[in-house]
Number of protein chains: 2
Amino acid sequence: MEKNKNIRENWLMRDASAISRFGFIFMGKALKEHNVSGGDHGTIMFLSKHPQVNQDFISHRTMLDKATIAKSLARLEEQGLVMREVDPNNKRAKIISLTEEGEKIVNIVEDALDTWSKQVTEGLTEQEVQKFTALAAKIARNARSLVHEGHCKCD
Amino acid sequence: MEKNKNIRENWLMRDASAISRFGFIFMGKALKEHNVSGGDHGTIMFLSKHPQVNQDFISHRTMLDKATIAKSLARLEEQGLVMREVDPNNKRAKIISLTEEGEKIVNIVEDALDTWSKQVTEGLTEQEVQKFTALAAKIARNARSLVHEGHCKCD
DNA sequence: GGGCAACAGTTGCATATGCAACAATTGTTA
DNA sequence: TAACAATTGTTGCATATGCAACTGTTGCCC
């Protein structure tokens, strides 16, 4: 059987890697003066859309390891951008929220993301962007299932 | 103006990151017994399709930093999978090629990639996969131009 | 109620990556 | 030809990430 050329050359994984890497680099530069690293912008954005959640929830939704989230939040707390309070109903868990300072950063992050999104989707129709985003979500979910089979509460 | 919800939540970058991360994890596990790390499978595949090139060429085509490629090749050379010979016509450059051992690994890498590709594109039509791959390539190129504007020979 | 399993988070370690500075070679220009 | 710029690759450092082991808490079952 003839294998798909794109698959054989592995451009799917390579391009996905490039998109995320360049995205992190871009966001890191854009948020440098606020001492927010390239990856941590995702945590901020997630918190702005999903306030008052615990770290495990963030970990599952962002598809990042709980250790990665813990360290990201520690950095952001250090910068005074998030608060971590022990859940009174479950002393194991911590309820995460953005501080006032963190809320201010959200707009800056959004602006940087808009700039990035506009630039990287140049030459694509709105419909193509929508399609791409939807397909990427599906593929990402499949990839997680493949690597972490049975370990995910969301499936 | 109302910003696009997907863009605001930054799923594009997040999902791209997830796809590549899980891909590297999967490939790392698949190639563990051959002492090939998750990222290095890309170098091997590239060399199998583009033999006898120098490191700069690999760096540009894979969109990875030249230092990253240098270290990847050092690891693969250590494993006896690639050879690095000084280009007689340009003593700065090194001509890279797979060893016999390296060529053997290629099939194993391809099989792992096929398994991965089949699994992660489950629920997508062949046409959607093609479309996704094409769009990802465009977006990745745009992203590189945005971050490394003017620094790329390929544009 | 006591013991054990599950959950939530943290920490240590290994690794891959980018950037900057560097070395060696080649090309260019005055 | 000599000096300077560009090319090619390497190394040191910083960082983000995943995994595994660990702590503390909660829930469950006998």
Side-chain angles (χ1 to χ4, degrees), chain A residues 13-14 17-18 20-29 31-32 35-43 53-60 62-78 84-96 143-144 147-148 151-153, chain B residues 13-14 17-18 20-29 31-32 35-43 53-60 62-78 84-96 143-144 147-148 151-153:
Chain A
M13 208 188 299
R14 200 192 307 285
S17 166
S20 72
R21 252 183 309 112
F22 290 131
F24 289 161
I25 292 170
F26 178 83
M27 294 304 292
K29 284 179 182 171
L31 303 173
K32 193 175 178 183
N35 291 313
V36 175
S37 74
D40 290 344
H41 83 273
T43 313
V53 294
N54 67 20
Q55 301 187 190
D56 230 41
F57 184 79
I58 303 174
S59 166
H60 277 94
T62 59
M63 298 190 180
L64 288 162
D65 192 80
K66 58 180 182 169
T68 302
I69 294 300
K71 287 161 188 169
S72 173
L73 290 171
R75 284 191 294 272
L76 294 173
E77 192 179 35
E78 183 78 18
R84 293 195 282 183
E85 297 164 302
V86 173
D87 185 344
N89 298 122
N90 182 354
K91 294 202 186 67
R92 292 170 296 190
K94 295 181 178 177
I95 297 179
I96 316 298
R144 172 168 65 182
V147 173
H148 291 160
H151 292 193
C152 184
K153 304 164 185 171
Chain B
M13 206 189 297
R14 200 194 306 288
S17 164
S20 72
R21 253 183 307 114
F22 290 131
F24 288 161
I25 293 171
F26 178 83
M27 294 304 292
K29 285 180 182 173
L31 303 173
K32 193 174 176 182
N35 291 314
V36 176
S37 74
D40 290 343
H41 83 273
T43 312
V53 294
N54 68 19
Q55 301 187 189
D56 231 40
F57 184 79
I58 303 175
S59 166
H60 277 94
T62 59
M63 299 190 180
L64 289 162
D65 193 82
K66 58 180 181 167
T68 302
I69 294 300
K71 288 161 189 170
S72 173
L73 289 171
R75 284 190 294 271
L76 294 172
E77 192 178 35
E78 181 79 16
R84 293 195 281 182
E85 298 165 300
V86 172
D87 185 344
N89 298 122
N90 182 356
K91 295 201 186 68
R92 293 169 295 189
K94 295 182 178 177
I95 298 179
I96 315 298
R144 171 169 64 182
V147 173
H148 292 159
H151 292 192
C152 184
K153 305 165 187 172

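Labels below follow one simple rule: chain letters A, B, ... track the order of the sequence lines, proteins then strands, and each chain is numbered from 1.
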Item to complete: Run the salt-bridge test on R75(A) and D40(A) with the 4.0 Å N-O cut-off and return the result as yes or no.
Response: yes
Practice prompt. On DNA chain D, check which nucleotide each of K71(B) and N90(B) is closest to and give me the residue with the more 5' one.
Written response: N90(B)
Fill in: Gap between atoms CE and C1', on M27(B) and dT15(C) respectively (whole Å)
17 Å
Fill in: Separation of atom NZ in K94(B) from atom P in dT25(C), rounded to whole Å
12 Å
Worksheet item: What integer distance in Å separates I95(A):CD1 from dA8(C):C1'?
Response: 13 Å
Worksheet item: Between atom CZ in R84(B) and atom C1' in dA24(C), what is the gap in whole Å?
Response: 15 Å
Response to the item:
Whole-Å distance, K91(B) NZ to dA6(D) P, equals 23 Å
Worksheet entry | OP1 or OP2 of dA16(C) under 4.0 Å from side-chain N/O of R75(B) | yes
Worksheet item: Taking OP1 and OP2 of dT23(D), is either one under 4.0 Å from a side-chain nitrogen or oxygen of R92(A)?
Response: no
Worksheet item: What parts of residues 63-70 of chain B reach DNA chain C, counting only heavy atoms under 4.0 Å away?
Response: L64(B), D65(B), A67(B), T68(B)
Worksheet item: Hey, which of these two, S72(A) or N89(A), hits DNA chain D nearer its 5' end, going by closest nucleotide?
Response: S72(A)
Practice prompt. Calculate the interatomic distance between Q55(B) atom CD and dT11(D) atom P; express it in whole Å.
Written response: 11 Å
Discussion item. How many whole angstroms separate atom CD1 of I25(A) from atom P of dT15(D)?
Written reply: 15 Å
Fill in: Closest nucleotide among dA16(D), dG18(D), dT8(D) to the S37(A) side chain
dA16(D)
Item to complete: Provide, to the nearest angstrom, the distance between the CG atom belonging to L73(A) and the C1' atom belonging to dA8(C).
Response: 13 Å
